Structure formats: structure tokens, C-alpha cells
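If you're wondering where the values come from, they're calculated on a predicted model, not measured in any experiment.
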2 protein chains.
Amino acid sequence: MTARDLGLPSRVPAPGLPERVTIWEVGPRDGLQNEDAVVPVEVKLEFLDRLADAGLTTVEATSFVHPKWVPQLADAEELLAGLTPRDGVRYPVLVPNERGLDRALAAGVRHIAIFASATETFANRNLNRTLDSQMAMFEPVVSRAVAEGLDVRGYVSMCWGDPWEGAVEPGAVVSVGRRLLDMGCSQLSLGDTIGVATAGHVAALVNAFTDAGTPVSALAVHFHDTYGQALANTVEALRHGVTTVDSSAGGLGGCPYAESATGNLATEDLVWCLDGLGVDTGVDLDKLADTSAWMATKLGRPSPSRVVRALRG
Amino acid sequence: MTARDLGLPSRVPAPGLPERVTIWEVGPRDGLQNEDAVVPVEVKLEFLDRLADAGLTTVEATSFVHPKWVPQLADAEELLAGLTPRDGVRYPVLVPNERGLDRALAAGVRHIAIFASATETFANRNLNRTLDSQMAMFEPVVSRAVAEGLDVRGYVSMCWGDPWEGAVEPGAVVSVGRRLLDMGCSQLSLGDTIGVATAGHVAALVNAFTDAGTPVSALAVHFHDTYGQALANTVEALRHGVTTVDSSAGGLGGCPYAESATGNLATEDLVWCLDGLGVDTGVDLDKLADTSAWMATKLGRPSPSRVVRALRG
């Protein structure tokens, strides 16, 4: 008998939380891009289908990054051609530059995401650009996408800490984020790329955005569990009004065997938490855990999600 | 360069948290008792010394459970005889019954803990007793210990869920807990033995105790990370006034390779969180991570603590 058969987790709401949270599922893109062994496109398509069956309504499907950099996602066109559209389910795609946008438009994509850095050092290391030239690169991507009627999300990485600069000031992140919103992004995903945020710092950044006039509905959070803080940080963000949370089915992208577990927050661990708190996500936890357990067999190793291991291990 | 060299985590307090938290370190007892390979007493003594060096002031040292049940802790007398007392550091010992109390008194122990169940089914399965006969068994242990001037902690297991009964009502836990306090226990440790609690349920139980007149200072919390909720639940308990938290150095007692990771909250992950929140614990995170990394080499497998793996992996 599992905890689910016994009706657990108990549903006991806590004050100050939103009634409903939208989960932005990043497993097929952010999760798989960290997997070395290339997953066949048919498996990816079944994965996308099963995630939607489990009730996820936003599933980041793939990326138009150059295949040289992310061979795992070199099948983006084939994947999107094979994807059956569903009412009420969005499949955003990461687009790094204008060439990527061309590919996305040719594939009929309606929702894209761009990936910016909050810090000079990471912009330099990741894109070989300054923050200003990063913005100059994204400007035509976003303006063309918006002109084509696409919805554009702006990822902002290193929002709480940077592996070269250390702590990142909220003001610096707000500055980058507001430029992306002004450019035409509809939403920011604030990423703790190296997992160093703690709850007070999370609250400070959300407050810094709202103090600067950004509606909290334009903010999503994206935590990594490198130091075990991802879920506690997420709950803190929800208490400050955030209602979109990024997570990865089965914790895909992390590795339970790696010395440093740098994975995304697992969607199942998030849904367990929110089910317990009475916050609606629309996600069927059992179907989702089945999906991640199935995907783990395809990848040949156990899921890093604690819920998946406890329920399906 | 590690995140620590860069001054991370950033110290950003959040409102509503205590200024100071006492960590009740359970690694040497609750952690090691789940390890199959018997650890030599000299290693345990070095472990205890290093934990105190790292700033932990309450370190549960061992147990006087019958060696047949927990062979790992069969060296309790030898361990306590070898332990150098330190000012300001307590070494409580688990005592299951009057025979255990006799052994503890003979060994000069000043702080003991007893281990009770919140549910009928677990009392029956674990102790082969009803809840009432469980209390009858503990009554002479606690009254004799108190008469001898000992401090007695009462562990209460299955406080949020039970593997046979499912959800556990706060009222049932309060009833058991108050009987233990009335008996003479100075503190309760509310245990989520199977890791199924979520934050709202945590708040409900703490509130149920305070509504019944129990001072929150008499409550500690003890979370397991089976479903990934341990740290989020701990932060919620702190917001409701709890200031004593149980955790296990290096997450000892869990296993990163096991299909179901049922371990205790890792002390390092807790200290990372509290350092970031500006809550004083008196613990030196770097010394503690060194200690857990050293212990992992003695056990021959990596620490389940995410912080230890990230900093020392």
C-alpha cells in the first residue's frame, strides 16, 4: 500500500498562498538537454503526450539552439512536426537568436522563450557578450516574434548568485528583467541557475520587481536543488504572489548519482507540496509519477525526484 | 572556487522567523542506527567530537535499545565512557524502557529521550502495545528519570501520517504529546516518520498544541525527506514559533542510492537555509560539511546531503 492509497498527502491549506499555480514543465527541454544519451524522437513524443495527459498545460518542448551545442535537441523540427496539438496545452520552444526564430516560425511555433543572463560575467562566459550586447542580440528576436503574434518568455539566469560574481543584487536583476519586458516579453522566469538562493533572498527579488512596478503575474520562478532549497524557495515565492513555477518531471536534468545534484525542482515534489497545501495545479500526481518512472527506465537510471522514488521506486 | 568562497548563501532575513534556532543533531544515533556496517567506536567518538567542534550543542549520542534490535549501537557504554565532556554541549541518549534507563544512569547520562507513537497501529507494530500500555511503559521510566534529575525528551512518531492509518489528526497527536509532557518530559520532538507532511499540516499541528496550552518552546520538529518536503516543512514550523529542529549531519540515515530516500533532513541543508535567512544556529557550515564528507568516506558512500555533495563532492 502506498501513501497515495492511504489518501496522502493530507490536504491542509495554509494562508497566504494562491488558489491556483501554473506549472511550466521544463523536463523535455531543460531536463533532457542535460542528458548525454540521445533520446529517440518517438520517446520524446510519448513523453510530451503523457505529460499533457497528466494535466500539465505548459510543456517546454525543445530548443532551436544550434545542434552543435545541444545534440540532444537536434531533432526539434522532427519533434514539432510529430506533435499532436491539444486544446489548452502550450508547447513553448527555446530560441537563442534570429536563426532560431526563423526555424521556430517555419515549424509553426506560437510560444517561444529566450535565455538571458542577469550578470555581466555569465553573459560573457555563456554568450561571449556584454549585458548590453546581449540585449542588442535579443531585441530583433523579440520584436519580430511579437510582430508575428508569438508569446515570448524571457529566462533570466543567475538571479540570486553567479559562479564567478557571487551574490547578485536584486537591482541588477530587475534592470535586466525590465529591459526584457519592455522589449515585449510577456513573462520573466527568474532562474537560480546554481541553486544558491534562500527564502529571504527570493522574497527580496520578487519585492524588488513589484516595487519597480512589474506585476507579480509577469514573474515565474525557476529553482535548482543544488543546495536542497528549491522547494522552500518556491513556497516563499508563492507567498509573495508568484503563480507560475518551473519544474522538471521526475527532476530530469539532475542526477541522483552525481556528486553535485544540480537538477531542477522535480514536478512531482512540487505537486505533492501543492496538493497538500490545497493549491490547484490541475496535475494528476499518480499519472505524472508513472510518466517519470517510465522515462527513468528509458534513461536507464532512477529518477532524482524523491516523490517518484518513494511512490514508484 | 566554491559558493562558500564567494560568500554564499547571501544573508537576507525574512520576517516572522526566530532569531536563533537550536539544532538537535541526531546523526550519531538516528542516522547511524540505519547503517548496516558497524562503525568502530573510535570513529563514532571522532564524529561526536567533530560535530561539537562544528558548533552543535545538542548531539544525540547513542541508544540503550537492546543490542539485538540495533547492533550498530551495542557499544553505547563504551562510547559514553570514551566521550570527553564539553561545556555547553549535551549528549542525550535514547532509552526505550526501564532496563535502558538503568544502563543510562550507570553510564552517567544526564539527558535521555523516549520514543512514543502517535498512533495505535504503530504502537502495536513497533512496541506490540496499545497507546495506553505504551504510556504505562513510559511512566516509570520518565518519573524515575525526572526524580534522578535527568532531562527527558519525548519523541512522538507518525505525527502527520502513518503507513497503515494514513492521515493522523492533530488532536490525536496533541493527546499523546500532552500525556508525555504531563508525565515529566521537558520537550516533544514531533516526528514525520514517513515523510508525508506538507506545510499547512505542519502549521495545523503546531497550532493545535499551542491552542491546547502547550508552549511552543516545548516543541521540536523532526522531518524526513521521503517526499522532498523536509526543509519547506521546517521553515513553516519556524514561522509558527518552533525553535528546536532535529536534523542529521550529512543526511545520515538516508541513502542517495536507495530507491526510496527516507532519510532525515540533512543538517547542512538546514544550516545553509538558516545562514541565508540570518537565523543563528552557532554552526560552522564548512566544518560541518568537512565532518560529513569525512564520515561519508568512513561509510564508503556519498552523503545524501545536497549541500555536502555540492561543496565537498
Any sub-3.5 Å donor-acceptor pair from A/D269's side-chain atoms to A/V307's backbone N or O? yes

Do A/R306 and B/T226 come close enough that some side-chain heavy atom pair is under 4.5 Å? no

A/H240 to A/V206 - nearest heavy-atom pair and separation: O-CG1, 3.8 Å

Toward chain B, the part of A/D162 with a non-hydrogen atom under 4.5 Å: backbone

With a 4.5 angstrom heavy-atom cut-off, is it the side chain or the backbone of A/R239 that approaches chain B, or both, or neither? side chain

Using a heavy-atom cutoff of under 4.5 Å, enumerate the residues of residues 164-175 of chain A that contact chain B, numbered in order, or state 'none'. A/W164, A/E165, A/G166, A/A167

At a 4.5 Å cut-off on heavy atoms, which part of A/L277 comes close to chain B: side chain, backbone, both, or neither? both

Say whether, by atom type as modelled, one donor and one acceptor occur between the side chain of B/N233 and the main chain of B/F223 under 3.5 angstrom. no

If you count heavy-atom pairs under 4.5 Å with chain B, which of A/L270, A/L231, A/I194 comes out on top? A/L231

Let's test your reading of the structure: which of B/E236, B/M1, B/R312, B/R11 forms the most heavy-atom pairs below 4.5 Å with chain A? B/E236

Let me know if B/A204 has heavy atoms under 4.5 Å from chain A in its side chain, its backbone, both or neither. side chain

For residues 270-294 of chain B, which residue pairs qualify under ring-ring contact (aromatic ring centres under 6.0 Å, His included), counting only residues two or more places apart or in two chains? A/Y227-B/W272

Checking the side chain of A/R178 only, and the main-chain atoms of A/A212 only, is there a donor and an acceptor separated by less than 3.5 Å? yes

Rounded to the nearest 0.5 Å, what separation is found between the CG atom of B/L32 and the NZ atom of B/K298? 13.0 Å

Within the distance-only criterion (no hydrogens, no angle test), does the side chain of B/S10 pair as donor or acceptor with the backbone N or O of B/V12 below 3.5 angstrom? no

Okay, side chain of B/D225, backbone of B/N264: is any donor-acceptor separation there less than 3.5 Å? no

